[in-house]
Amino acid sequence: MGNTERKGILEDLTLRGLLQDSTDQTALQERLEQGPITLYCGFDPTADSLHLGHLVPLLTLRRFQDAGHRPIALAGGATGMVGDPSGRSEERNLLDQNELSSNVAAVAAQLESFLSFDAESKKKGIAALLVDNREWTAEVNVLDFLRDVGKHVTVGTMLSKESVKTRLSSEQGLSFTEFSYMLLQANDFFELHKNYECEMQIGGSDQWGNITAGIDMIRRRSSAIAYGLTVPLVTRSDGAKFGKTSEGTLWLDSKRTLPYELHQYLINVDDRDVEKLLLQLTLIPVSEISELMVDHRKSPEDRRAQQRLATEVCRLVHGDEEAEQALLATQGLFGSEPTSEDSLEALRGIVPETEVRASELKQGEESLIDVLVLSGLCSSRGDARRTIAAGGISVNGDRQAEDAVSLPNDLLLNGDYVLIQKGKKNRHLLVIV
RNA sequence: GGGUCGGUGCCCGAGUGGCCAAAGGGAACGGGCUGUAAACCCGUCGGCGUAUGCCUUCGGAGGUUCAAAUCCUCCCCGGCCCA
């Protein structure tokens, strides 16, 4: 990692469309040229896994490290207790201590997998650091907090933040708890600056207000200059929320979202979005992406860009092996339908599955409907009937008649696995036990 | 604390005694076309199910009525204004 990379990071981020807001860019550029900078990004453990949307800031942290800077990933055990109002239209539900602690552990493990802590980076002084803001927040008492932290911030400043303004003018309002969130985050930055020489904070664009609050606090309390930078929120051209499917959020945890599902989601990305996503969600060099896009536009139907995006993101999140598996699954499922026992068995662990006891499948009765509901493919028996009637259900590749209610008898006699398909893209494996 | 407006299905939002499982839009889901696209077209979209049927739902609890999301009482939550 030479000086060149350190300098070029801002330019790279700009080319990738990852620079939403930042403090004085010239000053920041100069600072980056001087030598490695320590920067941090916080992730609140609102669930036991990060999701696809978190990937952008997290990878940005990684990009900085790759460019020769030192990243700190912060798991917000303390801030998670309070709830960040930024980018939210409603008050959050508070999490209890136990839940929070297990979430912190899970999130921390994920953060860890994206950054490098090894000896080599240690030698360069840019080994990543993982912290939990409970370390310095848990013990602080209210009076000290109000005096040491609250004293340095005026309510006017707090009120002028976009996140607060939005919520104040909404019907929902804003509790004092969430209003105070900004102070906690500002204090985090201050503490990291004091103890780890952290000079910069990055985050999603909704974090801008919180970040500048921290910068102000550092200036007031330490008379030091700190920097801030935000990355854009990922959006989709069709207006849908990025990273959400009908089944819910796309998680980074393979237990919550199978690599295959993640892969599928990315394969299906709109042409209009694919270049942006390649730039923002992968570490592929910008020039290579340009070439890939030229290639892609020659024959968009081949989805070369989407293919690359899917494997690349899967690789980052789950590793080479899982990415390979997801790819194979995709090819297998969307080539010819697998119906042999072996090929069905190969789908285990790739496609969502449900165990069903053979005795539970009332042969000749409504076993198909039962199974559709059981697998979660349909939300109710009525929904199942409607979907079948609309021609939306296939069993082992055979579309079912519109009045079908039970699984074909012969399938139950010989197989251990049954592949149920809803629509073109939803597959579920029944494991008969 | 006072006044006032509001809380409707996943979201927005109409409805202000029966014709309301509740308009309209969005999202979502299935089908068609296609590139496992987009756009577009068709269908569905509380549950049971197929019955001019029953059950559950319009912030919560009671009440009036043959009949309530709609009226009354109390309570909870939020906005705005006043104190």
Side-chain angles (χ1 to χ4, degrees), chain A residues 85 88-94 164-179 235-250 260-278 293 295-311 314 326-338 350-351 365-366 368-370 372-373 375-395 397 399-406 419-428:
Chain A
R88 280 221 135 209
S89 57
E90 286 179 14
E91 187 84 8
R92 286 173 196 269
N93 294 322
L94 293 175
V164 172
K165 275 201 271 187
T166 314
R167 279 284 288 279
L168 280 181
S169 60
S170 80
E171 284 186 5
Q172 293 286 331
L174 176 69
S175 70
F176 181 73
T177 307
E178 289 197 7
F179 180 58
T235 53
R236 284 181 22 165
S237 301
D238 62 10
K241 224 177 191 174
F242 179 76
K244 299 269 186 191
T245 66
S246 55
E247 268 77 59
T249 308
L250 285 161
Y260 161 75
E261 295 173 285
L262 178 65
H263 194 271
Q264 274 300 298
Y265 181 82
L266 295 165
I267 283 284
N268 279 304
V269 157
D270 197 300
D271 285 351
R272 290 172 293 177
D273 297 325
V274 71
E275 180 170 22
K276 185 184 73 194
L277 292 175
L278 278 165
M293 288 312 295
D295 201 27
H296 174 80
R297 288 195 189 96
K298 280 185 207 149
S299 54
E301 65 277 15
D302 289 337
R303 303 179 163 262
R304 285 198 202 96
Q306 281 90 340
Q307 303 271 7
R308 185 70 195 277
L309 174 69
T311 36
C314 274
L327 179 64
L328 286 176
T330 294
Q331 287 167 346
L333 287 172
F334 289 95
S336 56
E337 283 298 335
I350 293 168
V351 169
E365 293 182 50
E366 302 188 330
L368 180 57
I369 290 174
D370 291 339
L372 284 169
V373 176
S375 64
L377 242 26
C378 294
S379 62
S380 68
R381 320 188 86 244
D383 182 28
R385 282 174 206 277
R386 278 183 230 114
T387 308
I388 296 169
I393 299 296
S394 298
V395 175
R399 185 175 291 204
Q400 299 300 293
E402 57 186 54
D403 57 351
V405 290
S406 55
L419 182 69
I420 309 279
Q421 198 180 330
K422 178 190 162 212
K424 289 174 198 154
K425 296 169 190 171
N426 304 298
R427 288 172 172 78
H428 202 99

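These numbers were taken from a predicted model, which means no experiment stands behind them.
B:A28 atom C1' lies 12 Å from atom CG of A:Asn426, rounded to whole Å. In this structure, the NZ atom of A:Lys422 is 19 Å from the P atom of B:G43, given to the nearest Å. For the pair A:Leu266 CG and B:A37 P, the interatomic distance rounds to 15 Å; values are reported in whole Å. B:G43 atom P lies 20 Å from atom CD1 of A:Ile393, rounded to whole Å. Between the CZ atom of A:Arg381 and the C1' atom of B:U50 there is a distance of 14 Å, given to the nearest Å. Put simply, CD1 on A:Ile420 is 15 Å from P on B:G30, counting in whole angstrom units. Atom P of nucleotide B:G35 and atom CG of A:Asp302 are separated by 11 Å, given to the nearest angstrom. Across the protein-nucleic acid pair, A:Asp383 atom CG and B:C48 atom P stand 9 Å apart, rounded to whole Å.
No hydrogens or angles considered: nothing links the side chains of A:Ser380 and A:Asp383 as a donor-acceptor pair under 3.5 Å.
For B:G47, the OP1/OP2 oxygens have a side-chain nitrogen or oxygen of A:Arg386 closer than 4.0 Å. Contact annotation: A:Lys424 side-chain N/O to B:C29 OP1/OP2 distance is not under 4.0 Å. The side chain of A:Ser380 places an N or O atom within less than 4.0 Å of a non-bridging phosphate oxygen (OP1 or OP2) of B:C48.
Distances were taken from every side-chain heavy atom of A:Arg399 (C-beta onward) to each of B:G32, B:C48, B:G35; the shortest belongs to B:G32. Residue A:Thr387 places its side chain closer to B:G30 than to any other of B:G30, B:A38, B:U36. Checked against B:U44, B:A37, B:U50, the side chain of A:Lys425 finds its nearest nucleotide in B:A37. In this structure, the nucleotide among B:A37, B:G47, B:G35 sitting nearest to the side chain of A:Glu301 is B:G35.
Evaluation of atom-type donor-acceptor distances gives a pair under 3.5 Å for the side chain of A:Asp271 against the base of B:G35. For A:Gln306 against B:U36, a side-chain-to-base donor-acceptor contact under 3.5 Å is absent.
Taking atom P in both B:G13 and B:G3, one finds a spacing of 27 Å when rounded to whole Å. Rounded to a whole angstrom, the distance from the P atom of B:A28 to that of B:C20 is 29 Å. Taking the P atom of each, B:G31 and B:U36 are spaced 14 Å apart, rounded to whole Å. Taking the C1' atom of each, B:U52 and B:U44 are spaced 23 Å apart, rounded to whole Å. Going from the C1' atom of B:G2 to that of B:C10 covers 38 Å, rounded to whole Å. Taking the C1' atoms as reference points, B:U70 lies 15 Å from B:C19, given to the whole Å. Atom P of B:U65 sits at a distance of 27 Å from the matching atom of B:G53, rounded to the whole Å. For B:G60 and B:C77, the C1' atoms lie 10 Å apart once the distance is rounded to whole Å.
Panel note: side chain A:Arg427, backbone A:Lys422; no donor-acceptor pair is recorded below 3.5 Å. Not a single donor-acceptor pair under 3.5 Å links the side chain of A:Gln400 to the backbone N or O of A:Ser394. With hydrogens and angles ignored, the 3.5 Å screen pairs no side-chain donor or acceptor of A:Asp302 with any backbone N or O of A:Arg304. Listed for the A:Ser375 side chain is a donor-acceptor partner under 3.5 Å among the backbone atoms of A:Leu377.
Figure legend. B:G18 is base-paired to B:C66; pairs are counted as Watson-Crick or G-U wobble with both atom distances under 3.5 Å. Using N1 to N3 plus N6-O4 or O6-N4 for Watson-Crick, or N1-O2 and O6-N3 for G-U wobble, each under 3.5 Å, B:G1 pairs with B:C82. Judged by Watson-Crick or G-U wobble contacts below 3.5 Å, the nucleotide B:G24 has B:C12 as its partner. The base-pairing partner of B:U50, taking Watson-Crick or G-U wobble contacts with both distances under 3.5 Å, does not exist among the strands shown. The partner of B:C33 is absent, by the rule that a Watson-Crick or G-U pair needs both atom distances under 3.5 Å.
Nucleic acid contact class of A:Arg304 (heavy atoms, under 4.0 Å, all strands): none.
Heavy-atom nearest nucleotides on RNA chain B were determined for A:Asn268 and for A:Gly423, and the one closer to the 5' end corresponds to A:Gly423. Toward the 5' end of RNA chain B, the nearer of the two residues A:His296 and A:Ala390, judged by each one's closest nucleotide, is A:Ala390.
For A:His296, there are no side-chain hydrogen bond (donor to acceptor under 3.5 Å, both in side chains) partners two or more places apart in sequence or in a different chain.
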Quiz prompt | Full working for salt bridge (charged side-chain N to carboxylate O under 4.0 Å, His left out) between A:Glu402 and A:Arg386 | solution = CA-CA 9 Å; A:Glu402 57 186 54; A:Arg386 278 183 230 114; over 6 Å; no
